[in-house]
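Indexing begins at 1, ligand by ligand and atom by atom, following the structure's order. Basis for what follows: all heavy atoms, side chains included, without hydrogens, waters or symmetry-related copies.
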Amino acid sequence: MAVDNDGIAVVTLQRPPVNSLNLDLLQAMNNTFDDVAKNKSKGMILTSASPTVFSAGLDIMEMYKPDPKRLETFWVTLQDMWLKLFGASFPTAAAINGHAPAGGCLIATSCEYRVMLSGKFTIGLNETALGIVPPTWIQDSLRHTIPTRQAEIALTTGKMFTVDEALKWRTNRGAEGAARLGPPVLEGPQMPPRSPDQILNKTLKMCLSPKMALDTGIIKLNALNEYLVTERTTIVDNAITFGIKKCNDMDINIQKRGRRKVGLIDETAADKAEAIEKCKKFIKRFDKIPSLARGMTKQIFRQEVLQKLLTNRQADTKQFLDLVNQPKIQQSLELYLAMLKQKSQK
Ligand SMILES: CCCCC/C=C\C/C=C\CC/C=C/CC(=O)SCCNC(=O)CCNC(=O)[C@H](O)C(C)(C)COP(=O)(O)OP(=O)(O)OC[C@H]1O[C@@H](n2cnc3c(N)ncnc32)[C@H](O)[C@@H]1OP(=O)(O)O
C-alpha cells in the first residue's frame, strides 16, 4: 500500500503470475483494508502489479483436493474480504490494468468506481460457463453495478465483456437498429439548436400564413406537409436536444439516440498511471462532502445486500463446502487446471 500526498491509498495486488486469490492474499487484503480504515485515508484504489492481469479470481488450487479446515477458512476469508470492501465507508475505486475474470470482477464490482485499461482484456463473472452457480452475494455485486436485466443475461451466459463492451453505449433497438440509424445526429456539423418555444412560434406563424388561411383542408395539409418536410431535421434534432437536456438535468444516464450505458466499467485509460489518476479524480469528488455522511449513506445504500450475506453466512459456507467436495466438481477442477496449464505452455 502507498498513500499519496492527498491521503489516497493505492493498494497493489502482487501475487505473481496472475494475482489468483489464495488464502494468504485474501488475508493480506483484509489486513490492508483494515489499515486503510484505521488511517482514515481519503479513499482507496485497488490495482495490480501485473501488466496484463488485474486478478484471475479464486485460486483454483485452494479448491482442488483441499484440506477441509483450510477450505472453510478460505471461504470465510473471501466473505470477509467482500464484506469489508463492498461495505467500506471510505471511497473505493479499481484501476483495472488487465483481465478481471470471476473473483477479479468481484473485487472490481465491490468498488464504487472502475477505470479499465483499453486493450484486449476481459472482465466478467464467468462462473455459469464453468458450470458453477455464483453465490447470491457475488451475483448481487454485479446487479449493484449494471442494470438488472443486463446483469441477469451476463450471469446466465457467463459473459466475459471486452473493455469496449463493458463501457459501451447500448441502443434500445439493438446493434442492428443502431447500424440502421447511422451516425448519431448530434455528431458533426449541425444547425444551431432551437428551443421548443422557437419551434412552436414557427409552427404558429406557418399556420397563420396566407397559404393556411385558404379554407381548403387539402391546402392546409399540403402546407403542413411542406413545413414538416423542410423542417424535419430541425424538429428531430431539437426533440433529441431537448430530451438529452432533460435527462441530464435529471441525471439519467442516456445519451444520443437513446443509447444506454451498460457501465460495468466507468472509464477507460491508456495506461495504469492514467487509470490511477482517473480513480483519484473520482475520489476527490468527495472532498467537499462530510465523510461521515458520505460513508453512512453508502453503507445504508448497500445495507440490504450486505445483510443478506451476514444473515446467511453459515448456509453460504456450507453450500460452498458441499459443492467443492463433490467428486464431479473435483474432476472439473482437475480438467480446468490441466487446461490452464496447457494454455500457459503454448
Ligand atoms: C471450474 C472452475 C472453478 C470451480 C470452482 C468450484 C466451486 C466453487 C463454488 C463457488 C465459487 C464460485 C466463485 C468462483 C469465482 C472464481 O473466481 S473461480 C476462478 C475462475 N477464474 C478463471 O476462470 C480464470 C482462469 N485464468 C485465466 O483465464 C487466465 O489465466 C488469465 C487470468 C486470463 C491470464 O491469462 P495469462 O495468459 O496471462 O496467464 P496463464 O493463463 O498463462 O496463467 C499463468 C499461470 O497461472 C495459473 N492460473 C491462472 N488462473 C488461475 C487461477 N484462477 N487459479 C490458479 N491458477 C491459475 C495458470 O494455470 C498458469 O500456471 P502455470 O502453468 O503453472 O504457469
Novice: Say whether Tyr64 and Glu334, considering side chains only, have a donor N or O and an acceptor N or O under 3.5 Å apart.
Specialist: yes
Novice: Could you tell me whether the side chains of Glu112 and Thr92 share a donor-acceptor contact shorter than 3.5 Å?
Specialist: yes
Novice: Looking only at N/O atoms, are Pro135 and ligand 1 under 3.5 Å apart anywhere?
Specialist: no
Novice: Name the option, out of Asn19, Ile60, Leu335, Leu125, that contains the heavy atom nearest to atom 54 (N) of ligand 1.
Specialist: Ile60
Novice: Quick one: which ligand 1 atoms are inside 4.0 Å of a heavy atom on Trp75?
Specialist: 11 (C)
Novice: Among Lys343, Gln330, Met63, which one puts a heavy atom closest to atom 35 (O) of ligand 1?
Specialist: Lys343
Novice: Starting from atom 19 (C) of ligand 1, find the nearest protein heavy-atom neighbour and note its residue, name and distance.
Specialist: Leu58 O, 3.6 Å
Novice: State the atoms of ligand 1, each with its element, that fall below the 4.0 Å cut-off from a heavy-atom position in Phe320.
Specialist: 8 (C), 9 (C), 10 (C)
Novice: I'd like to know if Glu165 and Lys159 make a salt bridge, using a cut-off of under 4.0 Å between side-chain N and carboxylate O.
Specialist: yes
Novice: Could you tell me, atom by atom, which parts of ligand 1 come under 4.0 Å of a heavy atom of Leu130?
Specialist: 2 (C), 23 (O)
Novice: Which ligand 1 atoms does Val53 reach within 4.0 Å, using its non-hydrogen atoms?
Specialist: 34 (C), 38 (O)
Novice: Does at least one non-hydrogen atom of Ser332 fall below 4.0 angstrom from an atom of ligand 1?
Specialist: no
Novice: I need the nearest protein heavy-atom contact for atom 42 (O) of ligand 1: residue, atom name and distance, please.
Specialist: Ser344 CB, 2.9 Å
Novice: Give the residue, atom name and distance (to 0.1 Å) of the protein heavy atom nearest atom 56 (N) of ligand 1.
Specialist: Asp59 OD1, 4.3 Å
Novice: Name the closest protein heavy atom to atom 15 (C) of ligand 1, giving the residue it belongs to and the distance to 0.1 Å.
Specialist: Glu127 OE2, 3.2 Å
Novice: Charged N to carboxylate O under 4.0 angstrom, Asp322 versus Lys318?
Specialist: yes
Novice: Which of the atoms of ligand 1 are close to Ser20, meaning less than 4.0 Å from one of its heavy atoms?
Specialist: 52 (C), 54 (N)
Novice: Which is it for Phe54 and ligand 1 at heavy atoms under 4.0 Å: side chain, backbone, both or neither?
Specialist: neither
Novice: Is any NZ, NE, NH1 or NH2 atom of the basic residue among Asp59 and Arg15 found under 4.0 Å from an Asp or Glu carboxylate oxygen of the other?
Specialist: yes
Novice: Working to the nearest 0.5 Å, report the span between CD of Gln139 and CD of Glu152.
Specialist: 9.5 Å
Novice: Report the distance from atom CD1 of Ile45 to atom OG1 of Thr12, rounding to the nearest 0.5 Å.
Specialist: 10.0 Å
Novice: Please state which protein non-hydrogen atom is closest to atom 27 (C) of ligand 1 and give its distance, to 0.1 Å?
Specialist: Leu340 CD2, 3.9 Å
Novice: Check Leu85 against Ile107 and note the closest heavy-atom contact, atom names and distance.
Specialist: CD2-O, 3.6 Å
Novice: Of the side chain and backbone of Asn126, name the one, both, or neither that has a heavy atom under 4.0 Å from an atom of ligand 1.
Specialist: side chain
Novice: Roughly how far apart are Thr73 OG1 and Glu62 CD, rounded to 0.5 Å?
Specialist: 9.5 Å
Novice: Can you find an N/O atom of Thr52 closer than 3.5 Å to an N/O atom of ligand 1?
Specialist: no
Novice: Before you tell me yes or no, could you show the steps for Asp287 and Lys42 under salt bridge (Lys or Arg N to Asp or Glu O under 4.0 Å), namely the whole-Å CA-CA distance, both residues' side-chain angles and the distance that decides it to 0.1 Å?
Specialist: CA-CA 8 Å; Asp287 275 359; Lys42 188 188 276 189; 3.1 Å; yes
Novice: Backbone or side chain, does any N or O of Gly103 fall under 3.5 Å from an N or O of ligand 1?
Specialist: yes
Novice: With a 4.0 Å cut-off, strictly under, does atom 31 (C) of ligand 1 pick up any protein heavy atom?
Specialist: no
Novice: Would you call Arg313 and Asp316 a salt bridge, using N to O less than 4.0 angstrom?
Specialist: no
Novice: Can you pull out the closest protein heavy atom to atom 48 (N) of ligand 1? Residue, atom name and distance to 0.1 Å, please.
Specialist: Val18 CG2, 3.8 Å
Novice: Counting heavy atoms only, name the option from Glu62, Met61, Lys341, Lys346 that's nearest to atom 61 (O) of ligand 1.
Specialist: Lys341
Novice: Taking non-hydrogen atoms only, is Ile132 closer than 4.0 angstrom to ligand 1 via side chain, backbone, both or neither?
Specialist: side chain
Novice: For Ala56, which part has a heavy atom under 4.0 Å from ligand 1: side chain, backbone, both, or neither?
Specialist: both
Novice: Just need the protein heavy atom nearest to atom 23 (O) of ligand 1, so name the residue and atom and give the distance.
Specialist: Tyr336 OH, 2.4 Å
Novice: So is Tyr64 close enough to ligand 1, meaning a heavy atom under 4.0 angstrom away?
Specialist: no
Novice: As an exercise, identify every atom of ligand 1 less than 4.0 angstrom from a heavy atom of Pro101.
Specialist: 24 (C)
Novice: Any idea which atoms of ligand 1 are less than 4.0 Å away from a heavy-atom of Val324?
Specialist: 7 (C)
Novice: Looking only at heavy atoms of Pro17, does any of them come nearer than 4.0 Å to an atom of ligand 1?
Specialist: yes
Novice: Gln14 and Asn19: side-chain donor and acceptor closer than 3.5 Å?
Specialist: no
Novice: Shortest non-hydrogen contact from Val36 to Met1?
Specialist: CG2-SD, 3.5 Å
Novice: Side chains of Gln79 and Thr317: any donor to acceptor distance under 3.5 Å?
Specialist: yes
Novice: With a heavy-atom distance limit of 4.0 Å, tell me whether Leu333 approaches ligand 1 through its side chain, its backbone, both, or neither.
Specialist: side chain
Novice: Under the ring pair (Phe, Tyr, Trp, His ring centres under 6.0 Å) test against Trp137, which residue among Trp82, Phe86, Phe320 passes?
Specialist: Trp82
Novice: Taking all atoms of both residues into account, what is the closest heavy-atom pair of Ser41 and Phe90, and its distance?
Specialist: O-CB, 4.3 Å
Novice: Return the NZ to CG distance between Lys278 and Asp266, rounded to the nearest 0.5 Å.
Specialist: 11.0 Å
Novice: I need the Leu106 CG to Ser55 OG distance, nearest 0.5 Å.
Specialist: 9.5 Å
Novice: Pull out every atom of ligand 1 sitting under 4.0 Å from any heavy atom of Gly57, numbered as shown with elements.
Specialist: 17 (O)
Novice: Note the single closest protein heavy atom to atom 9 (C) of ligand 1, along with its residue, its atom name and the distance in Å.
Specialist: Leu323 CD2, 3.3 Å
